[in-house]
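Working notes, structure below.
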Amino acid sequence: MFKSMLLVALIALTGQTAVQAMDRKVLTIATEGASPPWDMIDTEGKLVGYDIDVGTELCRRIAVECQFVSQDWDGIIPALTVGKFDAIMSGMAITEKRRKSIAFSRPYAGGFNQLVMRTGLQLPATDTKAKINLTSVGAEQQAILGQLRSALSGKTLGVLRSSNSEAVLNELFGKVATIRSYDTQDNLHLDLAAGRIDGGLADYFTWRTFLDGKGGETAAFYGPELSGGLWGPGVGVGMRKEDTDLLAAFDKAIDDGIRDGALKALSLKWFGIDISPSATP
């Protein structure tokens, strides 16, 4: 009898905890604020960008208020796990390595990365519209990567510290080039524009913002569009593993936003193309 009563009490407590978890009125979401157009700080000191707009839309669907805070990239996951905020939305790729520490929603965006190199280096021409998915690399793609290694031999390449691009850059070119890691994408841009590095690897859309400005006077895209591999299946909302109710709520909100075109509209607003993934069957 006592065991039955205890079991009922435990079930009731578990259910109450789940309800209380989603009974919250406000969610605090962290973003780096330094990777436009994903996330950035405007002239008024306000966080803006695709991640912020998508986060606001998802919170509206979940019926909670969003509060966005900026957080340095290399400390963003540890800060989440100790409870500094509730979620991460910062163009963060879903990877198996990160899944060891945190949980991810289903992808709310796709995307790809690409090299940018200083002009005037007399590098061999490349097809910047070619695509290589590093999850499955065939003979043709291996040949292209081999040509890139030869072209970039002896060069100095910049990348954001603690990013998946850093791991990919080291894996692909670490043996032939000098890799320099940066605390922010802005500092990488400054060194590239000043000629202190020869190029770098980063998210295509972040580069495009840089190249559409003064960066375009000194640098240009180089080599194929790169995706898959260590970058995983796409960009998701990062959460603590125990917040299973929040995960379910975000998954449903994302899927609904894809189905009714809301995420597509935000993609077109910030990127000029649709990077929203397909809705789940």
Side-chain angles (χ1 to χ4, degrees), residues 35 38 73 77 90-102 104-119 121-182 185 188 192 197-208 210-211 219-236 238 267 271 273-278 280:
S35 296
W38 293 91
W73 180 260
I77 289 180
S90 193
M92 180 174 279
I94 302 166
T95 67
E96 292 307 312
K97 180 179 179 181
R98 288 174 178 153
R99 275 180 165 154
K100 293 177 181 178
S101 302
I102 62 174
F104 279 99
S105 70
R106 63 151 302 175
Y108 63 85
F112 55 91
N113 286 246
Q114 198 159 10
L115 288 161
V116 160
M117 300 298 294
R118 283 194 300 113
T119 53
L121 293 175
Q122 297 183 331
L123 297 173
T126 61
D127 180 2
T128 58
K129 297 301 180 183
K131 297 175 174 59
I132 295 181
N133 187 321
L134 296 175
T135 302
S136 179
V137 181
E140 182 179 348
Q141 290 76 28
Q142 286 286 9
I144 294 173
L145 292 174
Q147 293 167 1
L148 277 178
R149 290 188 188 96
S150 296
L152 300 179
S153 180
K155 301 297 186 291
T156 299
L157 305 174
V159 70
L160 183 64
R161 183 183 303 133
S162 301
S163 66
N164 289 307
S165 294
E166 182 183 49
V168 171
L169 196 64
N170 276 292
E171 180 181 278
L172 294 181
F173 308 112
K175 293 181 179 180
V176 299
T178 299
I179 309 300
R180 187 174 298 174
S181 298
Y182 289 83
Q185 193 71 28
L188 189 162
L192 179 57
I197 58 176
D198 299 306
L201 178 67
D203 169 75
Y204 166 83
F205 298 105
T206 299
W207 277 134
R208 196 176 69 180
F210 168 69
L211 295 176
F221 285 114
Y222 190 76
E225 300 170 1
L226 301 172
S227 63
L230 293 173
W231 282 301
V235 171
S267 294
F271 301 109
I273 61 173
D274 180 16
I275 64 167
S276 62
S278 299
T280 54

Verdict with reasoning, Lys131 to Phe112, per side chain to side chain contact (heavy atoms under 4.5 Å, CB included): CA-CA 9 Å; Lys131 297 175 174 59; Phe112 55 91; over 6 Å; no

Closest heavy-atom pair and its distance - Ile77, Ser101: CG2-CB, 4.2 Å

Residues Val168, Asn113; criterion side chain to side chain contact (heavy atoms under 4.5 Å, CB included); working and verdict: CA-CA 10 Å; Val168 171; Asn113 286 246; over 6 Å; no

Closest heavy-atom pair and its distance - Pro277, Pro107: CG-O, 3.3 Å

Check: Pro124 and Tyr222 side chains under 4.5 Å, non-hydrogen atoms: yes

Set of salt bridge (Lys or Arg N to Asp or Glu O under 4.0 Å) partners for Arg161, sequence neighbours left out: Asp74

Under 3.5 Å donor-acceptor, Thr128 side chain and Pro224 backbone: no

Heavy-atom pair with the smallest gap, counting every atom of Trp231 and Ser165: NE1-OG, 3.3 Å

Contacts of Ala220 that satisfy side chain to side chain contact (heavy atoms under 4.5 Å, CB included) - sequence neighbours left out: Thr119

Separation of Arg180 CZ from Leu169 CG (nearest 0.5 Å): 12.5 Å

Donor-acceptor contact present, side-chain Arg149 to main-chain Val176, <3.5 Å: no

From Leu172 atom CG to Leu201 atom CG, the distance as rounded to the nearest 0.5 Å: 8.0 Å

Heavy-atom pair with the smallest gap, counting every atom of Ala219 and Val116: CB-CG1, 3.6 Å

Heavy-atom donor-acceptor pair, Thr126 side chain to Gly223 backbone, under 3.5 Å: yes

Atom pair CG (Leu157) and CD1 (Ile179), whose distance is rounded to the nearest 0.5 Å: 5.0 Å

Sub-4.5 Å side-chain heavy-atom contact between Val235 and Ile275: no

Sequence neighbours excluded, every pair satisfying side-chain hydrogen bond (donor to acceptor under 3.5 Å, both in side chains) that has a member inside residues 166-178: Glu166-Ser181

Separation between CG of Leu211 and CD of Gln114, rounded to the nearest 0.5 Å: 9.5 Å

Intermediate values then yes/no, side chain to side chain contact (heavy atoms under 4.5 Å, CB included), Leu115 and Leu152: CA-CA 11 Å; Leu115 288 161; Leu152 300 179; 3.8 Å; yes

Listed once per pair and sorted, the side-chain hydrogen bond (donor to acceptor under 3.5 Å, both in side chains) pairs that draw on residues 197-208, sequence neighbours left out: Trp38-Asp203, Arg118-Asp198, Asp203-Thr206

Partner set under side chain to side chain contact (heavy atoms under 4.5 Å, CB included) for Ala167, not counting sequence neighbours: Leu230

Intermediate values then yes/no, side chain to side chain contact (heavy atoms under 4.5 Å, CB included), Leu160 and Leu188: CA-CA 7 Å; Leu160 183 64; Leu188 189 162; 5.6 Å; no

Least distance between heavy atoms, Lys155 atom then Ala177 atom: O-CB, 3.3 Å

Set of salt bridge (Lys or Arg N to Asp or Glu O under 4.0 Å) partners for Glu96, sequence neighbours left out: Arg99

